[in-house]
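Note: hydrogens, waters and symmetry copies are ignored here, and every other heavy atom, side chains too, is used. Worth saying up front: this structure is predicted, and the values here are computed from it rather than measured.
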Amino acid sequence: MAEKSKKAARRRRHMSIRNRIAGGSERPRLCVWASSRHLRVQIVDDEVSRTLVAVSTDEKELREAGCRANVKGAEAVGKLMAERALAKDIKKVVFDRGGFRYHGVVKALAEAAREGGLSF
């Protein structure tokens with residue numbers, strides 16, 4: 001019997017997305033995780049199973065700026081992610097929304113990352 005919760009539905013959507021996309025060394029995967037309090041974003045090379053860059057609203061500089069899991073916080077996380085990725089010479093990524101709707105926080109994060117110089 002299938003679970004009928006929001007969490008289970010998001011997991012199912014995420015697995016459906018992950019079956020279609022994968023990040024490699026040329027185009028790593030930018031994956032998003034959002035809770036009601038925090039955002040976590042990382043760039044992962046799936047070929048070697050390694051996180052290349054990570055940003056979270058838990059980090060000291062973002063926490064002191066008052067960033068949380070809202071649009072303002074998502075924009076700050078997206079800009080910082082683009083900045084760190086470009087510093088490591090990562091310009092192209094595959095966007096993995098993690099089963100979350102491309103709306104609100106996820107959309108603001110993606111647009112800020114694009115403005116910062118990443119291309120999806």
Nearest 0.5 Å please: distance from the [atom1] atom of [X] over to the [atom2] atom of [Y].
{"X": "R40", "Y": "W33", "atom1": "CZ", "atom2": "CH2", "answer": "5.0 Å"}
{"X": "D96", "Y": "I43", "atom1": "CG", "atom2": "CD1", "answer": "12.0 Å"}
{"X": "I21", "Y": "D46", "atom1": "CD1", "atom2": "CG", "answer": "8.5 Å"}
{"X": "R114", "Y": "S119", "atom1": "CZ", "atom2": "OG", "answer": "9.5 Å"}

Provide the closest heavy-atom pair for [X] versus [Y] in the form atom of the first, atom of the second, distance.
{"X": "A76", "Y": "C67", "value": "CB-SG, 3.7 Å"}
{"X": "P28", "Y": "I90", "value": "CG-CG2, 3.9 Å"}
{"X": "A74", "Y": "A112", "value": "O-CB, 4.5 Å"}
{"X": "L39", "Y": "A34", "value": "CD2-CB, 3.5 Å"}
{"X": "A113", "Y": "A82", "value": "O-CB, 3.6 Å"}
{"X": "L52", "Y": "K88", "value": "O-NZ, 3.1 Å"}

Between [X] and [Y], is there a donor-acceptor pair closer than 3.5 Å when you use the side chain of the first and the backbone of the second?
{"X": "R29", "Y": "G23", "result": "no"}
{"X": "R63", "Y": "D58", "result": "yes"}
{"X": "E111", "Y": "A108", "result": "no"}
{"X": "R10", "Y": "G98", "result": "yes"}
{"X": "S35", "Y": "H38", "result": "yes"}

Report whether M15 and L30 are members of the same hydrophobic cluster (ILVMFWY, side-chain heavy atoms less than 4.5 Å apart, transitive linking).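 They do not share one cluster, since no chain of ILVMFWY contacts under 4.5 Å joins M15 to L30.
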
In terms of hydrophobic clusters joined by side-chain contacts under 4.5 Å, are V93 and V48 together?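 Each belongs to a different hydrophobic cluster.
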
Mind checking whether [X] and [Y] have side chains closer than 4.5 Å, heavy atoms only?
{"X": "T57", "Y": "V77", "result": "yes"}
{"X": "V53", "Y": "V41", "result": "no"}
{"X": "M81", "Y": "L109", "result": "no"}
{"X": "C31", "Y": "V44", "result": "yes"}

I'd like to know whether Q42 forms a side chain to side chain contact (heavy atoms under 4.5 Å, CB included) with V55, so could you lay out the CA-CA distance, the side-chain angles of the two residues, the decisive distance to 0.1 Å, and finally the verdict. CA-CA 6 Å; Q42 57 185 357; V55 178; over 6 Å; no

Does CZ belonging to R50 count more than 12 external heavy atoms closer than 6.0 Å?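 For R50, atom CZ is not crowded (no more than 12 foreign heavy atoms under 6.0 Å).
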
Between E59 and R84, does at least one N-O distance fall below 4.0 Å, as a salt bridge requires?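 R84 and E59: salt-bridged.
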
Is there a side chain to side chain contact (heavy atoms under 4.5 Å, CB included) between R101 and V106? Walk through the geometry before answering. CA-CA 7 Å; R101 291 186 338 165; V106 176; over 6 Å; no

Under the ring pair (Phe, Tyr, Trp, His ring centres under 6.0 Å) test, which residues partner F95, sequence neighbours left out?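 Ring pair (Phe, Tyr, Trp, His ring centres under 6.0 Å) check on F95 returns F120.
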
Output, in order, the C-alpha distance, side-chain angles, deciding distance and verdict of salt bridge (charged side-chain N to carboxylate O under 4.0 Å, His left out) for R68 and E75. CA-CA 10 Å; R68 290 289 181 200; E75 290 169 352; over 6 Å; no

